[in-house]
Amino acid sequence: MRRSALFASLTTVAVAAVMAAATPASAINTYNAQPAPERHEVGALLVQWDRDGDGISETIDWYCSGTMIDKNTFLTAAHCTTDWSPGVRFFVSLADDVQGALDKAKADGLTPSQTAATVGVEGADHTSPDYPGNSADAHDIAVIEFTDAQAAALASRWPFTPATLPAAGQLDAMGSRALDAATWQVMGYGTQEAMNGPGGQTHPGGGVRMKAEVGFDALNPTWVRLGMEESRDYGGACYGDSGGPNFVTIDGNLVLAGTTITGDTPCYATNVAYRMDTPSARGFLDEFVDLP
């Protein structure tokens with residue numbers, strides 16, 4: 001995958017501020033990564049917002065990743081839904097290539113509102129009221145909720161099977177040895193790992209759903225830390241992958257163990273995901289989905 005960590009779009013002041021504070025993650029890197037056209041439940045979060053403060057939401061782009069966890073609910077990160085200008089609107093696309101869809105809309109001369117409706121389906125954002133928390137528990141979790149009509153429109157465009165959430169304390173119950181032996185994958189639409197150039201490091205690419213295997217490093221009370229070193233045949237997350245899923249295979253099934261939140265700045269070594277089996281995450285999600 002191309003790596004991209006809380007790494008929403010680097011072009012916005014709002015997201016840049018978030019990154020400076022939390023160094024989040026956002027995309028899948030290029031090494032040891034591959035496209036994931038079969039993962040229809042994994043999508044991109046698009047944002048329509050007012051860039052210049054004139055009261056007109058003239059900017060539409062994808063900024064983060066996420067996952068459908070039931071027919072009405074798209075799970076992402078709180079840092080992806082906060083600190084935007086007034087009047088911000090959120091859309092979700094489950095397309096394989098959301099950047100290609102945006103490029104086509106621009107070439108067709110569509111307005112930002114027309115582009116948003118063409119590329120994605122609008123929903124309502126709900127962010128954890130406890131965000132931002134602290135290093136022990138960041139409460140970095142949010143959902144985009146769809147009405148039944150919006151959910152039907154989403155499913156008609158991109159049929160999907162919702163991801164499976166873990167049971168309460170499931171990762172703790174497995175223990176580090178079993179988690180280390182399990183297969184882990186991170187997915188998202190983020191950018192590539194850092195590339196050095198005359199002007200410094202850049203993170204090219206992004207906007208295409210990718211996947212990569214990662215390795216288990218450690219389990220903390222609200223975090224699962226995953227290794228993505230190329231030397232270990234792993235890939236990883238980068239800018240734009242924030243909010244996207246980190247799956248672990250348990251008894252042959254993909255379980256959404258955590259969502260990408262942060263990592264090392266060049267996207268070379270570490271992906272830090274917010275666990276979905278904790279009382280904190282489950283307490284927030286319980287309002288929106290039926291939990292296992």
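Values below: every heavy atom of this structure, side chains too, minus hydrogens, waters and symmetry copies.
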Engineer: Determine the minimum heavy-atom distance between Leu45 and Ile144, stating which atoms define it.
Structural biologist: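 Distance-wise, the nearest heavy atoms are CD1-CG1, 3.8 Å.
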
Engineer: Give, for atom CG of Asp70 and atom OG1 of Thr161, the distance between the pair rounded to the nearest 0.5 Å.
Structural biologist: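 Here the interatomic distance stands at 12.5 Å.
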
Engineer: Looking at Ser65, is its backbone amide N or carbonyl O close enough to the side chain of Thr76 to form a donor-acceptor pair, meaning the two atoms are under 3.5 Å apart?
Structural biologist: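 Judged by distance alone, yes, a pair lies under 3.5 Å.
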
Engineer: For a quick test of reading the model, state the closest non-hydrogen atom pair linking Ile261 to Ala77 and the distance between them.
Structural biologist: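 So the minimum-distance heavy-atom pair works out to CD1-CB, 3.8 Å.
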
Engineer: Would you say Leu219 and Met174 make side-chain contact, with heavy atoms under 4.5 Å?
Structural biologist: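 In short, these two side chains do not touch, never coming nearer than 4.5 Å.
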
Engineer: Contact between Lys211 and Pro245 at the side-chain level, heavy atoms closer than 4.5 Å - yes or no?
Structural biologist: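 When only atoms from C-beta onward are counted, Pro245 and Lys211 do not touch, as no gap falls below 4.5 Å.
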
Engineer: When you look at CG of Asp290, are more than 12 heavy atoms from neighbouring residues, nucleotides or ligands closer to it than 6.0 Å?
Structural biologist: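 Atom CG in Asp290 is not packed in, count stays at 12 or less.
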
Engineer: Is the backbone of Ala78 close enough, under 3.5 Å, to the side chain of Asp140 for a donor and an acceptor to pair up by distance?
Structural biologist: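 Confirmed, Asp140 side chain pairs with Ala78 backbone.
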
Engineer: Run the salt-bridge test on Asp172 and Arg275 with the 4.0 Å N-O cut-off and return the result as yes or no.
Structural biologist: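 A salt bridge is present here (some side-chain N lies under 4.0 Å from a carboxylate O).
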
Engineer: Under 3.5 Å, side chain of Trp223 to main-chain N/O of Ala218, donor-acceptor pair present?
Structural biologist: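 No; zero donor-acceptor contacts below 3.5 Å.
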
Engineer: Hey, are the side chains of Val248 and Asn246 touching, using non-hydrogen atoms and a 4.5 Å cut-off?
Structural biologist: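 The answer is no; the side chains never approach within 4.5 Å.
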
Engineer: Indicate yes or no for a side-chain donor-acceptor contact from Asn72 to the backbone of Phe146 under 3.5 Å, with no hydrogens or angles considered.
Structural biologist: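 Present.
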
Engineer: Would you check if Asp130 and Phe284 make a side-chain contact, meaning some heavy-atom pair closer than 4.5 Å?
Structural biologist: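 The answer is no, as the side chains (C-beta and beyond) never meet within the 4.5 Å cut-off.
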
Engineer: If you compare all heavy atoms of Asp180 against all heavy atoms of Phe216, which two are closest, and at what distance to 0.1 Å?
Structural biologist: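 Asp180 and Phe216 have their closest heavy atoms at OD1-O, 3.5 Å.
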
Engineer: Drop me the distance from Asn253's CG to Asp251's CG, to the nearest 0.5 angstrom.
Structural biologist: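 It is 7.0 Å, given to the nearest 0.5 Å.
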
Engineer: Treating Asp217 as the side-chain partner and Arg225 as the backbone partner, does any N or O pair qualify as donor plus acceptor under 3.5 Å?
Structural biologist: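 Here the side-chain-to-backbone pair does not exist.
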
Engineer: Counting only N and O atoms by type, is there a donor-acceptor contact under 3.5 Å from the side chain of Thr127 to the main-chain atoms of Ala142?
Structural biologist: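 Judged by distance alone, no pair lies under 3.5 Å.
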
Engineer: So, taking the atom named CD in Gln150 and the one named CD in Glu145, what distance separates them when rounded to the nearest 0.5 Å?
Structural biologist: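 Rounded to the nearest 0.5 Å, the CD-CD separation comes to 9.5 Å.
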
Engineer: Could you go through the side-chain contact (heavy atoms from CB on, under 4.5 Å) check for Gln99 and Asp61 one step at a time?
Structural biologist: CA-CA 8 Å; Gln99 185 60 57; Asp61 208 344; 4.2 Å; yes

Engineer: What distance do Phe160 atom CZ and Leu154 atom CG have between them, rounded to the nearest 0.5 Å?
Structural biologist: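 Atom-to-atom, Phe160:CZ and Leu154:CG are 5.5 Å apart.
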
Engineer: Determine whether Ile141 and Leu285 satisfy the following criterion, side-chain contact (heavy atoms from CB on, under 4.5 Å), listing intermediate values before the conclusion.
Structural biologist: CA-CA 9 Å; Ile141 184 171; Leu285 291 175; 4.0 Å; yes

Engineer: Could you tell me whether the side chain of Asp50 reaches within less than 4.5 Å of the side chain of Glu58, counting heavy atoms only?
Structural biologist: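 SC-SC contact between Glu58 and Asp50 confirmed.
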
Engineer: If you apply the rule side-chain contact (heavy atoms from CB on, under 4.5 Å), what do you find for His139 with Tyr274, and how did you get there?
Structural biologist: CA-CA 8 Å; His139 297 282; Tyr274 192 61; 4.1 Å; yes

Engineer: Considering non-hydrogen atoms only, spot the tightest contact between Arg157 and Val121 and give its length.
Structural biologist: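 Smallest interatomic distance, heavy atoms only, reads NH1-CG2, 3.8 Å.
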
Engineer: If you round to the nearest 0.5 Å, how far is CD of Gln48 from OG1 of Thr59?
Structural biologist: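 These two atoms lie 9.0 Å from each other.
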
Engineer: Quick one: does Glu41's side chain have a donor or acceptor within less than 3.5 Å of a partner on Ala163's backbone?
Structural biologist: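 Here the side-chain-to-backbone pair does not exist.
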
Engineer: Identify whether Leu291 and Leu75 are in the same connected component of the hydrophobic contact network (ILVMFWY, side-chain heavy atoms under 4.5 Å).
Structural biologist: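 Linked, Leu291 and Leu75 end up in one cluster.
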
Engineer: Using the ring centroid of each side chain, check whether Trp184 and Phe247 are separated by less than 6.0 Å.
Structural biologist: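 Between Trp184 and Phe247, the centre distance exceeds or equals 6.0 Å.
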
Engineer: Could you report the tightest heavy-atom contact between Trp158 and Ser93, atom names first, then the distance?
Structural biologist: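 Scanning both residues completely, I find the closest heavy atoms to be CZ2-OG, 3.7 Å.
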
Engineer: Atom NZ of Lys106 and atom CD1 of Ile60: how far apart are they, to the nearest 0.5 Å?
Structural biologist: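 Between Lys106 NZ and Ile60 CD1, I get 13.5 Å after rounding to 0.5 Å.
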
Engineer: Before you tell me yes or no, could you show the steps for Thr118 and Leu110 under side-chain contact (heavy atoms from CB on, under 4.5 Å), namely the whole-Å CA-CA distance, both residues' side-chain angles and the distance that decides it to 0.1 Å?
Structural biologist: CA-CA 9 Å; Thr118 299; Leu110 301 187; 3.6 Å; yes

Engineer: Considering all heavy atoms of both residues, which atom of Arg39 and which atom of Met187 are nearest to each other, and what is their separation?
Structural biologist: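 Shortest heavy-atom separation between Arg39 and Met187 comes out as CG-SD, 3.2 Å.
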
Engineer: Counting only N and O atoms by type, is there a donor-acceptor contact under 3.5 Å from the side chain of Asn271 to the main-chain atoms of Gly236?
Structural biologist: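 A pair under 3.5 Å: no.
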
Engineer: Determine whether the side chains of Glu213 and Thr183 contain a donor N or O and an acceptor N or O closer than 3.5 Å.
Structural biologist: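 The answer is no; no qualifying pair exists.
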
Engineer: Is there a side-chain contact between Leu46 and Leu102, using heavy atoms and a 4.5 Å cut-off?
Structural biologist: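 A side-chain contact exists here, since the closest heavy-atom pair is under 4.5 Å.
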
Engineer: Hey, does the side chain of Arg209 reach the backbone of Val98 with a donor-acceptor pair shorter than 3.5 angstrom?
Structural biologist: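 It does not hold such a pair.
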
Engineer: Please check if the number of heavy atoms outside Glu38 that lie under 6.0 Å from its CD is greater than 12.
Structural biologist: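 More than 12 within 6.0 Å, yes.
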
Engineer: For the residue pair Phe91 and Val119, establish whether any side-chain heavy-atom pair is separated by less than 4.5 Å.
Structural biologist: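 Phe91 vs Val119: side chains apart.
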
Engineer: Any side-chain heavy atom of Cys80 sitting closer than 4.5 Å to one from Phe90?
Structural biologist: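 No. Closest side-chain heavy atoms not under 4.5 Å.
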
Engineer: Hey, mind stepping through Thr81 and Asp125 against side chain to side chain donor-acceptor pair (under 3.5 Å) and telling me if it holds?
Structural biologist: CA-CA 7 Å; Thr81 59; Asp125 61 299; 5.1 Å; no

Engineer: With a 3.5 Å cut-off and no angle check, do the side chains of Tyr63 and Trp49 form a donor-acceptor pair?
Structural biologist: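 Short answer, yes.
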
Engineer: Going only through I, L, V, M, F, W and Y residues with side-chain contacts under 4.5 Å, is there a path from Val289 to Leu254?
Structural biologist: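 Yes, same cluster.
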
